[in-house]
Amino acid sequence: MANFYDDNEDLRFYLERGLDWDRLVRLTEHDFRAPEGFSSTDEALEFYREVLELVGAFAADEIAARARELDRCRPELRGGEIVYPEAMQGVFDALNDLELNGMTLPRELGGLNVPMLIFQVQNEIFARADVSICAHHGFHGGIAMAALMFSIIEGSAGFDPELPGFTEVRFREVIDSILAGESWGSMDITEPDAGSDMAALRCRGELGADGSWTVTGQKIFITSGHGRWHFVIARTEEPGDADDAFAGLAGLSMFLVEAYSVDEDGNKVRTHTTLDGVEEKLGHHGSATVAISFEGAPAQLIGARGEGFKYMLMLMNGARVGVGFEALGLCEAAHRAAAAYAGERRSMGKTIDQHEMIADYLDEMQTDIRGIRALAMAAGYKDELAKKIEIKLRLQPPADPAQRRALEREQERLKRRARHLTPLLKYLASEKAVEIARRAIQIHGGSGYITESGVEKLLRDAMVMPIYEGTSQIQALMAMKDNLMAAVNHPRTFVRTAARARWRAVSAPDPAGRRVARLVTLQHQAIQFLLSRLAGHKLKELRHQPVGSWSSALRSFDPKRDFALAMLHAEHLCVLLTDVAVAEELLEQAREHEDRLPVLEAWLDRAEPRSRHMLDRIQTTGGRLLSKLHGTPAESYVQAAK
Ligand SMILES: Cc1cc2nc3c(=O)[nH]c(=O)nc-3n(C[C@H](O)[C@H](O)[C@H](O)COP(=O)(O)OP(=O)(O)OC[C@H]3O[C@@H](n4cnc5c(N)ncnc54)[C@H](O)[C@@H]3O)c2cc1C
C-alpha cells in the first residue's frame, strides 16, 4: 500500500536525524514533567512517526486516489450556505474521523500535544495528495492553535506551572468546537479595495455604549470563510497622515466573530453575516473561497485596540510557513509524476529520462525540492522554538536571572532567523510550485495538457500559491527591507559578517564551506551596492565612505520612498538571499551527516551561477526604467555593464 510518508527518504531524514528534536520535544513536553505526557524524546518521536504514517496512508489511499474526481467538484452557495458535493464532503468527514484537528493543542485542552512542525509535515503530505483539501483541513487545527496563541499573547490564558498545564483559555468554545469536528475558522483580511495594501482596509470595528464591539464591512477571497469562527481585522481608529502608507496599520484591530450560531436542530442561524458568493477558480477546487459581509456583527476584541496588525502578522507568518510546506507537497507530486512518466515513455530509442535535457529538468526539480524542504524545516523549526521559548518566558520563566537572560538571547536569535527565513520560504516554495508543475506538464508532452494525466491540475492548483498569504512581490519587498535596514541599523555587524564571509571563502577547512562563503559574499555585495545607491544622488557623498559610517545619514531617509532601486531589485535580491539561506542550512546538515554533502553540492551547482546573475542584474540594470519613473539620471542608480 502506498504511504506518502514512508516513501519519502528526504522527508524522513528530518524526522530521523536532521533536527535537534530533543530541544523541541522537551519544550513541548515541559521537560517530561506532565503526568500524562511522554517520558522521553524517543517515545515522543515514535508517536510522531505513527501519526505521520497514518497521515501518509490516508493521503495516498483516500485523497490522492480521488484527486481528479475531487477536482471536478465545486462547492456551491445554496440557501445562503456553502454545500459540498458528496465526494468532497465524504473526504472531509473521513478527515474529521482521524481526530487530528487538535493535533498541536495541549493535552489538557483535549489535543495530542504534537509540535507545530509535525502539523506542517502533515500539510506537506496532504498537499502532495491534493493541495486544496489540505488548505481547508488546515483551517481547523491552525485556527484552534491561533485561538490558543492569541489568548496566551494577550494575557488571558491561565497556566499552572505545577501541573504543568493551562487552567483557563479565552476562546475555549472555538477550540472545543473545532476539536469536536463541528466547525472551523478563517482569516478575514482581504477586502475589495485592499489586498497587499493593508493600510487601505476599511472594514470597521465599532465600540457600542455598552462596551461591546461590532464589525461591519465586506471581506472577499476568504478561504473556508463559510465556517463559524472568523478572525477579522478591522479599522478601529481613524487613518493618520494620508501620505504615510503605514499610518493606517496602527489603526487596525483584531476581532473574533462568530458568523452563525447553531439551533437545537443543528441548523446554522445567521443574523449579522451573509455569504455573498463563492468564487469560481482556476483550480484549488476543494477549498471554498467566499465573500462575506458583516453587518454590525457582535465581535470580541483580541488584545488591545490598535494591535490588529501585530496579531495578523502572527497569524500570517504561521500561514506563510504553512504555504511553504503546502507548495512543497505539490512540488513532490509534480516531480514524482514527471519522473515516473519519463521513466516509461520512449523517444528516439530510449526512455525520455535518458535524454540530457529531460534528465537535467528532473535533476533540477529534485534539487529544488530538497532545498525547499531544508528551508521549510529550518523556518518551521526555528519559528516554533522561538514561540515556545517565548511562552516559557511568559508562563514559567527560570528563577535564575542568568538562565533567564540566556533563554531570552536564544529566543531573540531564533526569532530573527525565523523572520529572515519565512518570506524566503514562502517566495521560493510557491514560485517553484508553479515552475515545477509547468515542467511536469512539459515532460508529459501532449499528455500533460490533457486532463486525464492529472498534471495540468497541479499547475492550476499551484498558480494561487504565489498570490495568497502575501504575494511573491510582497515577500521579496519584506526580505529586501529587513536585510537593508539590518545593515543600516547595525553597520558594524554588517561589515564584520561581510569580512568573515570573505575570510571563510578562502580559509574554510572544507571545499563546500568555501563555496557557501563565496555565495554569502555575493549577498553582501548586493546589499552594499543597493545601499550605496540608496536615494540616488542624495547620497552621492557616502559612496566612497566606509559602510560603518553610514548609519546616521541613512536613518534620516524614508525607506518606502528612497529605496527605488532596491524596490526594483527586491525579487533579484530575494532569489540571492534564498540561494544563500538554503546553502547555509544544507552546509550545516552536510557537516553533521556526510551523506548530505551531495545534496548541498547539487544545490550549489545551481545556486552559484544564479546568484552571480542576480548580482549582475542588481548592479547593472534598472537605471533606464527608474529614470523614466522618477526623472533622475540613469547613472545615479547603476554601474556600467561589465
Ligand atoms: C484562492 C484564494 C484564497 C485566498 N484566501 C484568503 C484568505 O483566506 N484570507 C484573506 O484575507 N485573503 C485571502 N486571499 C486574498 C489574497 O491574500 C490576496 O489576493 C493577495 O494578498 C493579493 O491581494 P490582491 O488580490 O488585492 O492583489 P493586489 O494587492 O492588488 O496586487 C496585484 C499585483 O500587484 C502587486 N503589488 C501590489 N503592491 C505592490 C508593491 N508595493 N510592489 C510591487 N508589487 C506590488 C502584487 O504582488 C500583485 O502581483 C485569497 C486569494 C485567493 C485567490
Side-chain angles (χ1 to χ4, degrees), residues 74-75 82 131-140 142-143 146 184-203 217-227 229-234 245-246 249 252 254-255 257 259 275 277-292 294 308-309 311-313 315-316 318-320 322-323 326-327 423 426-427 430-431 433-434 460-481 559-561 563-574 625-626 629:
R74 299 286 187 281
I82 300 293
V131 87
S132 59
I133 300 289
C134 166
H136 179 55
H137 177 65
F139 276 91
H140 292 70
I143 291 291
W184 59 89
S186 60
M187 217 167 71
D188 300 20
I189 303 162
T190 308
E191 297 177 10
D193 294 318
S196 307
D197 182 7
M198 291 189 192
L201 289 172
R202 287 294 166 262
C203 188
Q218 195 197 30
K219 297 285 180 181
I220 61 165
F221 300 163
I222 305 305
T223 304
S224 306
H226 53 310
W229 309 108
H230 292 243
F231 287 121
V232 184
I233 189 155
F246 279 112
L249 296 178
L252 300 172
M254 180 63 82
F255 295 93
V257 175
L275 293 183
V278 57
E279 306 299 343
E280 270 290 317
K281 295 173 298 189
L282 184 63
H284 224 254
H285 291 146
S287 147
T289 308
V290 309
I292 180 168
F294 301 90
F309 191 63
Y311 285 97
M312 195 223 60
L313 271 188
L315 257 185
M316 246 193 172
R320 283 172 182 164
V323 175
E326 204 179 279
K426 166 71 174 62
Y427 175 84
S430 55
E431 290 292 327
V434 175
R460 286 188 284 106
D461 284 350
M463 289 292 288
V464 75
M465 290 172 173
I467 295 172
Y468 65 11
E469 306 300 356
T471 64
S472 288
Q473 291 69 37
I474 296 302
Q475 306 310 309
L477 287 173
M478 278 171 50
M480 176 277 288
K481 195 173 143 232
K560 276 200 82 70
R561 288 202 195 95
F563 276 37
L565 186 70
M567 302 255 213
L568 176 70
H569 286 305
E571 188 164 5
H572 306 138
L573 181 65
C574 184
L625 180 72
L626 290 177
L629 275 177

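Values in this document were obtained by computation on a predicted structure and should not be read as measured data. For ligands, and for the atoms within them, numbers begin at 1 and follow the listed sequence.
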Query raised in the report: At under 4.0 Å between heavy atoms, which part of Val464 makes contact with ligand 1: side chain, backbone, both or neither?
Result: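 For Val464, the contact with ligand 1 is made by the side chain alone.
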Query raised in the report: Where does Thr223 meet ligand 1, judged by heavy-atom distances below 4.0 Å: at the side chain, the backbone, both, or neither?
Result: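 Within the 4.0 Å criterion, Thr223 contacts ligand 1 through backbone and side-chain atoms alike.
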For [X], atoms of ligand 1 separated by under 4.0 Å from a heavy atom:
{"X": "Leu477", "result": "40 (C), 41 (N), 42 (N)"}
{"X": "Gly195", "result": "23 (O), 24 (P), 26 (O), 29 (O)"}
{"X": "Thr471", "result": "22 (C), 46 (C), 47 (O)"}
{"X": "Ile222", "result": "7 (C), 8 (O), 9 (N), 10 (C), 11 (O)"}

Looking at [X] and [Y], would you say the former's side chain and the latter's main chain have a donor-acceptor pair under 3.5 Å?
{"X": "Glu191", "Y": "Cys203", "result": "yes"}
{"X": "Gln475", "Y": "Gly470", "result": "yes"}
{"X": "Glu469", "Y": "Val323", "result": "no"}

Query - Heavy-atom closest contact (Gly283 atom, Arg460 atom, distance) - result: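 The pair with the smallest heavy-atom distance is CA-NH1, 3.9 Å.
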Requested in this report: Scan Ile220, Ile292, Ile233 and name whichever one has a side chain to side chain contact (heavy atoms under 4.5 Å, CB included) with Asp188.
Outcome: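 Testing each of Ile220, Ile292, Ile233 against Asp188, the sole residue satisfying side chain to side chain contact (heavy atoms under 4.5 Å, CB included) is Ile292.
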**Report entry** Heteroatom proximity flag, His284 to ligand 1, N/O under 3.5 Å
**Finding:**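 Between His284 and ligand 1, no N or O pair is found under 3.5 Å apart.
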Query raised in the report: Is Ile189 close to ligand 1, meaning an N/O of one under 3.5 Å from an N/O of the other?
Result: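 For ligand 1, there is an N or O atom that lies under 3.5 Å from one belonging to Ile189.
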Query raised in the report: Of the listed options (Met465, Lys281, Gln473), which comes nearest to atom 49 (O) of ligand 1 when hydrogens are ignored and any heavy atom counts?
Result: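 Considering heavy atoms of Met465, Lys281, Gln473, the nearest to atom 49 (O) of ligand 1 sits in Gln473.
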Requested in this report: For atom 13 (C) of ligand 1, state which one of Phe221, Tyr468, Phe231 supplies the nearest heavy atom.
Outcome: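 Going through Phe221, Tyr468, Phe231 one by one, Phe221 has the nearest heavy atom to atom 13 (C) of ligand 1.
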**Report entry** ligand 1 contact by Met187, heavy-atom criterion under 4.0 angstrom
**Finding:**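 Met187 counts as a contact of ligand 1 under the 4.0 Å cut-off.
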Query raised in the report: How long is the gap from OG1 on Thr190 to CZ on Phe221, to the nearest 0.5 Å?
Result: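 Nearest 0.5 Å value for the OG1-CZ distance: 7.5 Å.
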Query raised in the report: Any luck finding a side-chain donor-acceptor pair between His136 and Ser287 under 3.5 Å?
Result: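 No, Ser287 and His136 have no side-chain donor paired with an acceptor closer than 3.5 Å.
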Query raised in the report: Going through the distances and angles, do Trp184 and His226 end up as a ring pair (Phe, Tyr, Trp, His ring centres under 6.0 Å)?
Result: CA-CA 9 Å; Trp184 59 89; His226 53 310; 4.8 Å; yes
